[in-house]
Amino acid sequence: MQKLESLLTRLIGEGLLTQATLSNVRQKDPASFNKVSLKPVLLKNELKYQFTYHYANKTTNENLSPGETEQKITGLLQTVFRQALLHSTEADHQVLISKKGSVTILHQKPTKAAVELSHNRKKKYLLEEGKPVPFLIELGVMNKEGKVLAKKYDKFKQINRFLEMLDDVVPYLQKDRTLNIIDFGCGKSYLTFALYHYLKEEQGFELNVIGLDLKQDVISHCNALAVSLNYNNLKFLHGDINQYNELDQVDMVVTLHACDTATDAALEKAVRWGADVILSVPCCQHELNTQIENNTLTTMLQHGLIKERFAALATDSVRAQILDLVGYKTQLLEFIDLEHTPKNILIRAVKHDGKADLQKIADSYLEFKRFLNINPYLEVVLKDKLEPIFSARK
């Protein structure tokens with residue numbers, strides 16, 4: 001079996017296996033499967049091998065990782081089957097196992113071409129793999145041929161997910177003038193560069209984009225990169241969200257992973273600027289965790305971990321409701337898969353001209369506040385805008 005195991009390790013480890021069939025059962029059992037076929041598939045951008053078990057009157061499927069696949073094939077050939085045909089891009093390998101357990105492997109020219117690794121069809125991204133994008137190359141996400149580097153594939157997915165959410169709100173942006181866009185807490189600015197590239201190069205907007213962060217070394221690096229990319233209207237500044245007052249009007253505010261009430265500070269500025277679009281991924285929502293108090297919820301709130309998660313969800317729910325009250329239509333969306341980060345909720349708000357039932361929204365919001373005994377920071381800083389709405393309730 002050692003020769004077979006080595007072959008499987010190479011074919012699966014190097015991604016050469018395109019299809020396989022296991023057959024010739026050792027002992028016939030009408031209740032058991034009599035053949036197994038398998039092929040590689042891509043599920044949520046992860047390589048799996050789909051096993052199909054063939055019974056007399058049905059089939060069942062199982063998706064396994066590459067490591068599990070190697071073990072499964074070896075185990076089935078040791079205990080259930082005496083024959084296998086392994087198709088690869090380099091050759092067809094026929095495996096024959098004698099009654100005494102000796103293994104013979106015959107090699108022939110390949111008869112199966114490489115398959116597209118998709119369960120249905122490969123997801124089409126706004127920034128396509130295989131098409132070189134200058135900022136992705138400079139940031140080390142792609143090589144010069146447009147191939148996404150394996151260790152940066154999650155970042156590639158995150159950037160495209162962000163652009164999908166951005167693309168949905170493009171109709172709410174003005175195209176007849178230069179747009180002012182601010183990214184508060186821009187960090188290494190993968191998404192700031194993505195936003196600039198997509199709106200400027202792909203959608204044709206005239207932009208003035210500013211990234212703001214507290215880390216001077218990050219700001220210097222991003223400015224140098226913007227210059228090298230000829231992104232002439234993308235600037236990075238060292239500064240604090242609360243202290244930034246250089247613009248009188250901003251069309252879009254982005255804040256990704258600003259900690260605790262820093263998110264609220266950015267949302268307040270967006271509201272006061274009358275920004276048409278707000279995109280915010282909050283982080284570290286501690287404020288309400290210290291305020292929430294409700295005897296009915298003791299079963300939940302007595303556990304620190306549960307209380308922390310509940311407080312985070314309550315915080316983002318409150319933020320969305322407040323934005324609705326001050327003239328926005330707000331959605332809470334999954335930004336990226338939970339397996340990558342628990343900070344995966346994006347608040348997306350667009351300026352709303354339609355008539356909303358503010359009294360109904362206000363009633364719901366104030367009842368929620370009373371139920372949890374909370375006084376959210378965002379309500380406090382927007383008191384002048386919210387108080388007339390609350391006062392007008394019947």
Side-chain angles (χ1 to χ4, degrees), residues 125-127 132-143 148-149 151-167 169-170 173 178-203 205-244 246-247 250-259 262-263 265-267 269-270 275 277-284 335-336 340-341 343-344 346-348:
Y125 290 115
L126 291 176
L127 298 181
V133 180
F135 85 89
L136 291 178
I137 294 170
E138 292 295 328
L139 289 168
V141 176
M142 280 183 172
N143 64 20
V148 177
L149 304 183
K151 63 181 180 180
K152 290 292 186 178
Y153 207 88
D154 286 343
K155 179 60 68 177
F156 178 71
K157 287 167 56 183
Q158 182 195 51
I159 290 170
N160 272 287
R161 176 61 176 152
F162 174 71
L163 291 181
E164 288 174 2
M165 294 179 166
L166 174 64
D167 186 63
V169 298
V170 164
L173 297 173
T178 299
L179 299 180
N180 288 328
I181 298 175
I182 292 185
D183 184 352
F184 284 125
C186 59
K188 293 181 179 179
S189 302
Y190 287 92
L191 301 183
T192 321
F193 283 103
L195 179 151
Y196 186 91
H197 168 84
Y198 188 69
L199 292 181
K200 175 73 174 177
E201 307 297 333
E202 306 279 347
Q203 296 292 326
F205 284 92
E206 290 300 320
L207 305 174
N208 172 39
V209 180
I210 294 172
L212 191 76
D213 202 89
L214 291 170
K215 297 177 182 178
Q216 184 64 65
D217 58 333
V218 169
I219 292 302
S220 299
H221 173 74
C222 290
N223 272 322
L225 184 55
V227 170
S228 71
L229 290 166
N230 293 317
Y231 287 1
N232 299 322
N233 295 308
L234 173 59
K235 310 292 182 188
F236 295 90
L237 303 175
H238 178 257
D240 182 84
I241 294 173
N242 290 290
Q243 308 302 320
Y244 184 82
E246 293 187 19
L247 291 174
V250 174
D251 300 280
M252 180 190 296
V253 171
V254 178
T255 170
L256 304 172
H257 299 132
C259 193
T263 292
L267 294 178
K269 285 191 174 292
V277 173
I278 302 170
L279 299 174
S280 176
V281 178
C283 180
C284 310
F335 181 34
I336 51 178
H340 300 299
T341 173
K343 310 296 191 291
N344 78 324
L346 182 138
I347 301 172
R348 185 172 70 186

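Throughout, numbering of the chain's residues begins at 1 and tracks the sequence.
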Could you report the tightest heavy-atom contact between [X] and [Y], atom names first, then the distance?
X	Y	answer
Cys222	Lys188	SG-O, 3.7 Å
Leu163	Ala194	CD2-O, 3.7 Å
Ile347	Pro282	CD1-CG, 3.8 Å

For [X], all residues meeting side chain to side chain contact (heavy atoms under 4.5 Å, CB included), sequence neighbours excluded:
X	value
Val227	none
Asn223	Ile219, Phe236
Gln243	Asp240

Measuring from atom [atom1] of [X] to atom [atom2] of [Y], what distance do you get when rounded to the nearest 0.5 angstrom?
X	Y	atom1	atom2	value
Phe193	Leu225	CZ	CG	4.0 Å
Asn160	Leu127	CG	CG	5.0 Å
Lys155	Leu149	NZ	CG	13.5 Å
Leu267	Ile241	CG	CD1	9.5 Å
Thr192	Lys235	OG1	NZ	14.5 Å

Is [Y] close to [X] at the side-chain level, that is, under 4.5 Å between some pair of heavy atoms?
X	Y	result
Phe156	Asp154	no
Asp167	Tyr198	yes
Val209	Asn233	no
Val254	Leu256	yes
Pro134	Ile137	no
Phe335	Gln158	yes
Ile182	Leu247	yes
Ser280	Leu346	no

[X]: partners by side-chain hydrogen bond (donor to acceptor under 3.5 Å, both in side chains), with sequence neighbours left out:
X	value
Asn208	Asn180
Glu202	His197
Asn143	none
Tyr190	Lys152

(message) The test is side chain to side chain contact (heavy atoms under 4.5 Å, CB included); show your working for Ile278 and Met252 and say whether it passes.
(response) CA-CA 6 Å; Ile278 302 170; Met252 180 190 296; over 6 Å; no

Listed pairs under 3.5 Å, donor-acceptor, residues 210-217 side chains, sequence neighbours left out:
unit_1 : atom_1 : unit_2 : atom_2 : d
Asp213 : OD1    : Cys186 : N      : 3.4
Asp213 : OD1    : Gly187 : N      : 2.8
Asp213 : OD2    : Lys215 : N      : 3.0

(request) Determine, step by step, whether Ile181 and Leu207 satisfy the side chain to side chain contact (heavy atoms under 4.5 Å, CB included) criterion, reporting the C-alpha distance in whole Å, the side-chain angles of both residues, the deciding distance to 0.1 Å, and the verdict. (result) CA-CA 7 Å; Ile181 298 175; Leu207 305 174; 3.9 Å; yes

(message) Other residues, nucleotides and ligands only: do more than 12 of their heavy atoms fall within 6.0 Å of NE2 on His238?
(response) yes

(request) Can you tell me which residue pairs pass the salt bridge (charged side-chain N to carboxylate O under 4.0 Å, His left out) test with a partner in residues 250-259, sequence neighbours excluded? (result) Arg177-Asp251

(request) Please confirm whether the backbone N or O of Tyr244 pairs with a side-chain atom of Lys269, one donor and one acceptor, at under 3.5 Å? (result) yes

(request) Please confirm whether the backbone N or O of Leu279 pairs with a side-chain atom of Arg348, one donor and one acceptor, at under 3.5 Å? (result) no

(request) For side chain to side chain contact (heavy atoms under 4.5 Å, CB included), just list the numbers for Val141 and Phe135, CA-CA rounded to whole Å, side-chain angles, deciding distance to a tenth of an Å, and then say yes or no. (result) CA-CA 9 Å; Val141 176; Phe135 85 89; over 6 Å; no

(message) Applying ring-ring contact (aromatic ring centres under 6.0 Å, His included), can you list everything that pairs with Tyr196, at least two apart in sequence or on another chain?
(response) Tyr231

(request) For Glu206, enumerate each residue passing the salt bridge (Lys or Arg N to Asp or Glu O under 4.0 Å) test, keeping only those at least two apart in sequence or located in another chain. (result) Lys200

(request) Determine, stepwise, if the pair Leu199 / Val170 fulfils side chain to side chain contact (heavy atoms under 4.5 Å, CB included). (result) CA-CA 8 Å; Leu199 292 181; Val170 164; 4.1 Å; yes

